[in-house]
There are 2 protein chains.
Amino acid sequence: MKSKASTSEKILDVAQSLIVAGGYNGFSYADISAAIGIRKASIHHHFPTKAELVAVLVDRYRRQAEAGLKSLREQFSSPSEQLQSYSEFWQTCIRDASQSFCVCAMLAGEMQMLPEEVASRVRAHFDNLANWLTSVLQAGVEQDVFRLNKRPADEAQMLMASVHGAMLSARAFGDPALFGTIISAQIAKLLAPERSRTAGAR
Amino acid sequence: MKSKASTSEKILDVAQSLIVAGGYNGFSYADISAAIGIRKASIHHHFPTKAELVAVLVDRYRRQAEAGLKSLREQFSSPSEQLQSYSEFWQTCIRDASQSFCVCAMLAGEMQMLPEEVASRVRAHFDNLANWLTSVLQAGVEQDVFRLNKRPADEAQMLMASVHGAMLSARAFGDPALFGTIISAQIAKLLAPERSRTAGAR
DNA sequence: CCTTACCTTCCTACTGGTAGGTAGACAAAC
DNA sequence: GTTTGTCTACCTACCAGTAGGAAGGTAAGG
């Protein structure tokens, strides 16, 4: 009931929390070593180089995010609820996991000095997220729950930027609640102005 | 007609461009040393510790930003033009200075592992910017050019988050133009929907 | 005018510590 | 009996920071 994670997974878990805290240059093999009680050399056995470790980590993160977003679309029929619970997911993360952060948002800032194998994977996650948001907004327009000023793809970029910027602000001000305030208001702007909702849901 | 900057200013200039590229842990005294042709030890003469260097740097950045924002309010009478040219400033930076970035947005991501003397100064800049945006939006509401859904302070936070998030997206996608797309659309959402403007201006 | 003293700036040379990474031995598991 | 995981021990490169001194400017005192 306690630990079932393999060593490599534990390494990735620790590395992820360290990256979230301080970025690519903000952690070392020694840090991971100390955190999980294993020698540095053993980590190199699992992940020969740092670039490879982070590349695998970002790949895993992207897949997890992809799966999470997919399940949100399956779990909630209404696009506005899908957006809402995506927002709530991050609100919870940021509040509970003491100032959490999206790994890829963190790495995006360091893009210019990231190994290419990492940078390309960060880009892939941004693509995925943008596409997911676009299709949710698109569906919302078709169901008449959203009223957009721009094309869904553009509004998706705006929303994604808000999410990442809000994470940054929450950190800068040391105020986890700020994230929720910003994103909720941003989502509210997308909602079509009062109308007897078409479907029976809600 | 060439160089009038003192050594310490050159150090700060180089350090700033290095931080923008890779954050606090992404540069070293050796990097600065190589860039301006001076020995490492000489940099320690001007700035004994790295924390002090960055603290001074962020202070300078905050003052410059403060002055720039103030002059925008003096140069343009219309709040929407003030916002517009603030946006254009960053568009130019990001396009010309090959993927530039706000120093404080960069450091905000690393907040958790920044020396306190740096962190507090980053917070100060975020406060300044939020206050400036709030007062511009406030003025816009009074002049009937902006129609806000939330209190000006909240809308200011939303706008600030969009700006920082858009910088992140521009980097992640390697597309400088994306910044302008996102911010212009965000500003457009604030404008009051068509109305014979009260003042003669514009 | 010249000396003494101080200050600023930069230098060479170095410290202790940490970075990412490697070599090879050992033990358990398949 | 090879593969897998861990270890000790080590490497080179680099990190922030220090010691001590050379070069030059400035200014006071005689």
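Numbered from 1 within each chain, the chains take letters A, B, ... in sequence-line order.
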Inset, instruction - Can you measure from CG (N149(A)) to NZ (K189(A)) and round to the nearest 0.5 angstrom? - result: 9.5 Å

Inset, instruction - Could you list by number each residue of residues 23-30 of chain B showing a heavy-atom separation from DNA chain C of less than 4.0 Å, or answer none if no residue does? - result: none

Legend entry - ring pair (Phe, Tyr, Trp, His ring centres under 6.0 Å) against Y29(A), all qualifying residues, sequence neighbours excluded: H44(A)

Inset, instruction - Could I get the full list of ring pair (Phe, Tyr, Trp, His ring centres under 6.0 Å) partners for H45(A), not counting sequence neighbours? - result: none

Inset, instruction - Using the test salt bridge (Lys or Arg N to Asp or Glu O under 4.0 Å), find all partners of R39(B) that sit at least two apart in sequence or belong to another chain. - result: none

Identify each donor-acceptor pair in which a side-chain atom of residues 173-186 of chain A lies under 3.5 Å from a protein atom, sequence neighbours left out, and give them as a table.
unit_1  : atom_1 : unit_2  : atom_2 : d
D175(A) : OD1    : A177(A) : N      : 3.1
T181(A) : OG1    : A177(A) : O      : 3.1
S184(A) : OG     : G180(A) : O      : 2.8
Q186(A) : OE1    : S162(A) : OG     : 3.4

Inset, instruction - Scan R62(B), R121(B), H125(B), R123(B) and name whichever one has a side chain to side chain contact (heavy atoms under 4.5 Å, CB included) with C104(B). - result: H125(B)

Inset, instruction - Would you jot down, in residue-number order, the residues of residues 11-22 of chain A having a non-hydrogen atom under 4.0 Å from DNA chain C? - result: none

Legend entry - Qualifying residues under salt bridge (Lys or Arg N to Asp or Glu O under 4.0 Å), relative to E52(A), sequence neighbours excluded: none

In a table with atom names and distances, give each donor-acceptor pair under 3.5 Å that connects a side chain of residues 13-27 of chain A to protein atoms at least two apart or in another chain.
unit_1 : atom_1 : unit_2 : atom_2 : d
D13(A) : OD1    : R60(A) : NH1    : 3.0
D13(A) : OD1    : R60(A) : NH2    : 3.0
Q16(A) : OE1    : R60(A) : NH2    : 3.3
S17(A) : OG     : V14(A) : O      : 2.9
Y24(A) : OH     : A51(A) : N      : 3.4

Legend entry - Within residues 43-53 of chain B: residues closer than 4.0 Å to DNA chain C (heavy atoms): H45(B), H46(B)

Inset, instruction - Measure the OG1-CD1 distance between T7(B) and I36(B) for me, rounded to the nearest 0.5 Å. - result: 6.5 Å

Legend entry - Listed nucleotide nearest any side-chain atom of A41(A), set dC7(D), dA16(D), dC11(C): dC7(D)

Inset, instruction - Tell me which of K40(B) and G37(B) sits closer to the 5' end of DNA chain C, going by the nucleotide each one is nearest to. - result: G37(B)

Enumerate donor-acceptor pairs with a distance under 3.5 Å from any side-chain N or O in residues 69-76 of chain B to protein atoms, sequence neighbours excluded.
unit_1 : atom_1 : unit_2  : atom_2 : d
S71(B) : OG     : G68(B)  : O      : 3.1
R73(B) : NH1    : S135(B) : OG     : 2.8

Legend entry - Within residues 110-118 of chain B: residues closer than 4.0 Å to DNA chain D (heavy atoms): none

Can you tabulate the close N/O pairs, meaning under 3.5 Å, that link protein atoms to atoms of nucleotides 25-30 of chain C?
none

